[in-house]
There are 2 protein chains.
Amino acid sequence: MSRPSFREKVQQAREEAVVDAVERLLADKGFDAMTMDAVVAEVGISKASLYRHFTSKEELAAAAMARALERALAETARLAALPGPAISRLEGLARWAYQQQIDGRMPALPAQSSSLRDALAGDTAYTDSLVQLSTTLGQWIADAQHEDAIDAALPSDLVLYTLFARACDPVLGVMRAAGTHSDAQVVDWLVRGWLRSVAPQSTP
Amino acid sequence: MSRPSFREKVQQAREEAVVDAVERLLADKGFDAMTMDAVVAEVGISKASLYRHFTSKEELAAAAMARALERALAETARLAALPGPAISRLEGLARWAYQQQIDGRMPALPAQSSSLRDALAGDTAYTDSLVQLSTTLGQWIADAQHEDAIDAALPSDLVLYTLFARACDPVLGVMRAAGTHSDAQVVDWLVRGWLRSVAPQSTP
DNA sequence: GTCTATAAAGCGATAGAC
DNA sequence: GTCTATCGCTTTATAGAC
């Protein structure tokens with residue numbers, strides 16, 4: 001049991017190095033523009049070795065997405081321990097998502113791609129994390145609605161999807177390219193904008 | 001002058017048929033997944049003929065985007081003639097953008113693609129329309145800020161980009177796929193959400 | 001100007017030696 | 001298990017006949 005663990009650890013370390021590179025490339029170029037040659041060039045292994053560990057490009061993307069979801073779950077666990085109402089936890093996660101985008105750690109997958117969707121659906125690490133994250137956030141959203149911090153007339157799944165959409169909000173990139181305001185200022189505007197978009201109707 | 005106009009009209013009609021097909025394919029599959037074979041199959045011409053009229057795939061995408069911007073400009077002209085404050089015109093355009101998405105008339109281009117960006121920048125029909133649209137909407141946004149319908153603390157270009165982003169809001173597609181609510185209801189929630197996201201701070 | 005046929009290149013995936 | 005070398009397919013783009 002302890003004999004093969006060394007080799008297994010080496011394998012796991014290499015696979016993690018691969019997923020690291022894939023995460024960067026997916027965030028930088030997107031799935032279609034990312035080539036397997038670029039992956040092996042960044043990791044420093046051969047293509048045949050890469051295919052020993054991951055049987056397809058889609059599987060690589062699924063592994064990167066699974067890891068991103070794991071990070072999101074870790075952040076929700078951290079936020080859950082903080083005091084304050086549910087809406088402040090949701091705000092914290094939105095802010096975290098924008099920061100991930102700035103740090104180049106947000107994989108960019110195409111919305112329409114059947115082969116990719118199949119690979120994602122078949123990756124239990126991905127689907128399990130997604131379900132768990134959705135469940136937790138759905139609870140936070142329901143709590144915030146009961147606390148009257150989110151419009152109770154909005155379906156909770158719509159609120160959840162708008163929050164997920166903040167993770168790939170193109171406005172951040174455009175504003176950063178313009179360079180007229182600090183990252184922190186732009187993120188603040190966008191996070192507050194999301195909060196207002198789901199806030200209860202003001203009754204003047 | 002009138003002699004070659006017949007042939008020119010035939011040419012133009014064919015080019016319009018091509019751009020029609022490209023618009024549908026771009027909205028359905030996106031730029032990367034759209035192949036030139038699919039374009040010629042839909043139009044019913046050969047690939048060589050297609051390349052007589054459009055020298056590259058990027059140029060086709062630019063033509064489709066230019067036409068989409070022309071439609072947006074036509075809608076702004078229609079909205080400009082309506083009575084009411086500037087914010088109601090902005091709301092109307094946001095609603096129109098979502099409807100375009102539903103109708104499959106919103107080209108989906110990748111955010112990161114150097115060759116595509118160059119082709120777009122070199123297409124005057126595209127850039128001119130984009131500048132004109134941005135100028136008009138920038139004025140509307142400034143008006144709405146003066147009317148205290150949009151938060152005056154927000155930079156007008158940020159507001160403009162968030163409005164553009166509504167044209168490719170992924171939440172609409174996800175909600176439509178869920179099928180639990182009518183298109184009109186979902187669009188209404190999303191449009192009102194955008195309005196609230198840029199509304200002035202409520203001062204309770 | 002439009003067609004058929006094909007070139008040219010990029011990329012995902014694999015064979016076989018070591 | 002990793003490498004080099006290559007296959008096989010897709011796709012963009014073009015040559016040359018009509």
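By convention in this document, chain letters (A, B, ...) are assigned in the order of the sequence lines, proteins followed by strands, and residues within each chain are numbered from 1.
Here the side chain of T162(B) pairs a donor or acceptor atom with the backbone of V159(B) at under 3.5 angstrom. Using a distance-only test at 3.5 Å, with no hydrogens or angles considered, no donor-acceptor pair links the side chain of S88(B) to the main chain of G84(B).
Side-chain atoms of T124(A) and T127(A) include no donor-acceptor pair closer than 3.5 Å.
The salt bridge (Lys or Arg N to Asp or Glu O under 4.0 Å) test applied to D128(A) returns no partner, not counting sequence neighbours. R52(A) is linked by a salt bridge (Lys or Arg N to Asp or Glu O under 4.0 Å) to nothing, counting only residues two or more places apart in sequence or in another chain. Shown here are the salt bridge (Lys or Arg N to Asp or Glu O under 4.0 Å) partners of R14(B), two or more places apart in sequence or in another chain: there are none. Take R166(B) and apply the salt bridge (Lys or Arg N to Asp or Glu O under 4.0 Å) test, not counting sequence neighbours, and it matches D169(B).
Both K47(A) and L50(B) lie close to DNA chain C; mapped to their nearest nucleotides by heavy-atom distance, the more 5′-ward contact belongs to L50(B).
Each side chain to side chain donor-acceptor pair (under 3.5 Å) pair with one or both residues in residues 56-79 of chain B, not counting sequence neighbours, appears once here: D20(B)-R67(B), E23(B)-R71(B), T55(B)-E59(B), E58(B)-S115(B), E70(B)-S129(B), E75(B)-R78(B). Residue pairs meeting the ring-ring contact (aromatic ring centres under 6.0 Å, His included) criterion with at least one member in residues 162-199 of chain B, sequence neighbours excluded, are H181(B)-W189(B). For the side chain to side chain donor-acceptor pair (under 3.5 Å) condition, the pairs that include at least one residue of residues 28-43 of chain A, sequence neighbours left out, are R24(A)-E42(A), D37(A)-K47(A). Applying the side chain to side chain donor-acceptor pair (under 3.5 Å) definition to pairs two or more places apart or across chains, those involving residues 149-159 of chain A are D151(A)-R196(B).
With the end axes of the helix from dG1(C)-dC18(D) to dC18(C)-dG1(D) each set by five pairs, the angle from one to the other reads 20° at 10° resolution.
A heavy atom lying under 4.0 Å from DNA chain C marks the following residues of residues 53-60 of chain A, by number: S56(A), K57(A). Against DNA chain C, the stretch residues 17-41 of chain B makes no heavy-atom approach under 4.0 Å.
First and last contacts of DNA chain D with chain A, using any nucleotide atom under 4.0 Å from a protein heavy atom and ordered 5' to 3', fall at dG1(D) to dT4(D).
Of the listed residues (I87(A), L195(A), D143(A)), just one forms a side chain to side chain contact (heavy atoms under 4.5 Å, CB included) with I150(A), and that residue is I87(A).
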